[in-house]
Amino acid sequence: MNIGICGAGVMGRGIALACVQTGHTVILCDAIPEVLEQAQQWVRSQLDKALEKGRLTAEQRSAASDRLHASTNLTSLSTSDLVVEAVVEKLDVKTDVLVRVESIIRSDAILATNTSSISIAALGRQLSDASRFVGLHFFNPAHIMKLVEVIKGPRTSNATIQACMTFATGLGKTPVVARDVPGFIVNRVARNYYNEAQRIVMEGAATIDQVDMSMKGLGFKMGPFELMDLIGVSTNLDVTTSQWQQFYLEPRFQPSLLQKQMVDAGQNFTDQ
Ligand code: NAD
């Protein structure tokens, strides 16, 4: 398939890698040329690692690399069968991109969003055909994590859901259909992992290191603070804020001042 991806940040580049490795052609778009350049270099370096580890042959590596294209111009998405929007977690930015992409792609192409928390209903509101609009929520790192949430908005057709389940399975993923509720499945559960960890630190009950070490000692692959750093402290705060607002300011989802301060200072939790 021809896959378009809007946003070449942490997620866009990971989704691009997952796609080129499984035979799809990708056009990766971003507003910033330097980001696109870095994203292409990153995908190629990951393909090189796969070659070194014997997971790809030299021919497979070079074919996958040839399938990756990049552009700062959304009109390059006109031939896409499926476009995944992976720009910043802001309703206004995403809506603008989605409306512009819809005006460019074929009428039978699928339009998906990788949003972590924003309602599919709200994101699809200004689209003229939301039956082909769907949430396709990959997890970080997108080329490694198996789970993909396929989120059905109020107007998403069953054919669109089925096509996304088939696409995700073909990427070697484990797709699960989720309802369009704030945080869907995983982020609803995970918010408590991040928020409660921050409350413990703010109360002075334990340090960031102690919390991370404890959770890893229990069997979690990463502690909550390491995980927020991997996700991006700012992106993670956007998701928490969005979910809290959608739950009408429910206290258990309230973002923490500690995280806000980290974002303001441009710091990671584990830098300290
Ligand atoms: P990011 O900040 O790393 O990347 C976003 C990219 O979008 C940037 O490169 C930026 O230049 C680009 N962009 C912004 N506005 C644009 C526009 N108008 N046109 C084209 N490009 C534009 O963010 P990310 O972490 O990759 O997150 C992207 C989406 O994926 C968000 O919705 C986020 O919630 C979701 N998500 C993130 C994670 C994670 O762990 N980071 C996991 C799952 C889902």
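Values below: every heavy atom of this structure, side chains too, minus hydrogens, waters and symmetry copies. Note that ligands are numbered from 1 as they come in the structure, with each ligand's atoms numbered from 1 the same way. The first residue in the sequence is number 1, and the count goes up from there.
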Ligand 1 contact on Asp30 by region, counting heavy-atom pairs under 4.0 Å: both
Examine [X] against ligand 1 and note whether any of their N/O atoms are separated by less than 3.5 Å.
X	value
Glu89	yes
Asn140	yes
Phe138	no
Val35	no
Ser116	yes

Nearest non-hydrogen partners of Ser234 and Val263, listed with the distance: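 Smallest heavy-atom distance, with atoms named: CA-CG2, 3.7 Å.
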So which heavy atom in the protein is nearest [atom], and how far is it from that ligand atom?
atom	answer
atom 2 (O) of ligand 1	Val88 CG1, 4.0 Å
atom 37 (C) of ligand 1	Met11 CG, 3.3 Å
atom 20 (C) of ligand 1	Ala31 N, 3.4 Å
atom 23 (O) of ligand 1	Thr235 OG1, 4.3 Å
atom 17 (C) of ligand 1	Val97 CG2, 3.8 Å
atom 15 (N) of ligand 1	Val93 CG1, 3.8 Å
atom 5 (C) of ligand 1	Ala86 O, 3.8 Å
atom 25 (O) of ligand 1	Val10 CB, 3.7 Å

Heavy atoms of other groups near Lys216 NZ, more than 12 under 6.0 Å: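 For Lys216, atom NZ is crowded (more than 12 foreign heavy atoms under 6.0 Å).
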Qualifying residue, where the test is salt bridge (Lys or Arg N to Asp or Glu O under 4.0 Å) with Glu85 and the options are Lys90, Arg100, Lys94: Lys94
The one among Leu74, Val87, Thr72 that brings a heavy atom closest to atom 31 (C) of ligand 1: Val87
Contacting atoms of ligand 1, where contact means under 4.0 angstrom from a heavy atom of Ile231: 39 (C), 40 (O), 41 (N)
Under 4.0 Å to a heavy atom of Lys94 - the qualifying atoms of ligand 1, by number: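 Under 4.0 Å from Lys94, ligand 1 has these atoms: 31 (C), 32 (O).
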Pair Phe139-Val186, side chain to side chain contact (heavy atoms under 4.5 Å, CB included): steps then yes or no: CA-CA 10 Å; Phe139 291 81; Val186 171; 3.4 Å; yes
Test side chain to side chain contact (heavy atoms under 4.5 Å, CB included) applied to Arg132 and Glu102, step by step: CA-CA 10 Å; Arg132 42 107 167 234; Glu102 186 185 38; 3.6 Å; yes
His137 to ligand 1, any heavy atom closer than 4.0 Å: yes
Whether Cys29 lies under 4.0 Å from ligand 1, heavy atom: no
Aromatic plane relationship, Tyr193 with Phe220 - under 30° parallel, 30 to 60° tilted, over 60° perpendicular: parallel
Residue pair Ser117, Glu89: steps toward the side-chain hydrogen bond (donor to acceptor under 3.5 Å, both in side chains) verdict: CA-CA 8 Å; Ser117 64; Glu89 188 75 351; 2.7 Å; yes
Between Asn73 and Thr75, a side-chain donor and acceptor under 3.5 Å: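 Side-chain D/A pair, Asn73 to Thr75: present.
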Side-chain donor-acceptor pair present, Gln259, Asn236, cut-off under 3.5 Å: yes
Phe253 and Gln245: CA distance, side-chain angles, deciding distance, side chain to side chain contact (heavy atoms under 4.5 Å, CB included) verdict: CA-CA 9 Å; Phe253 295 129; Gln245 288 168 342; over 6 Å; no
Hydrophobic cluster membership, Val26 vs Val10, 4.5 Å side-chain cutoff: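 Both belong to a single hydrophobic cluster.
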His24-Phe167 aromatic ring centre distance below 6.0 Å: yes
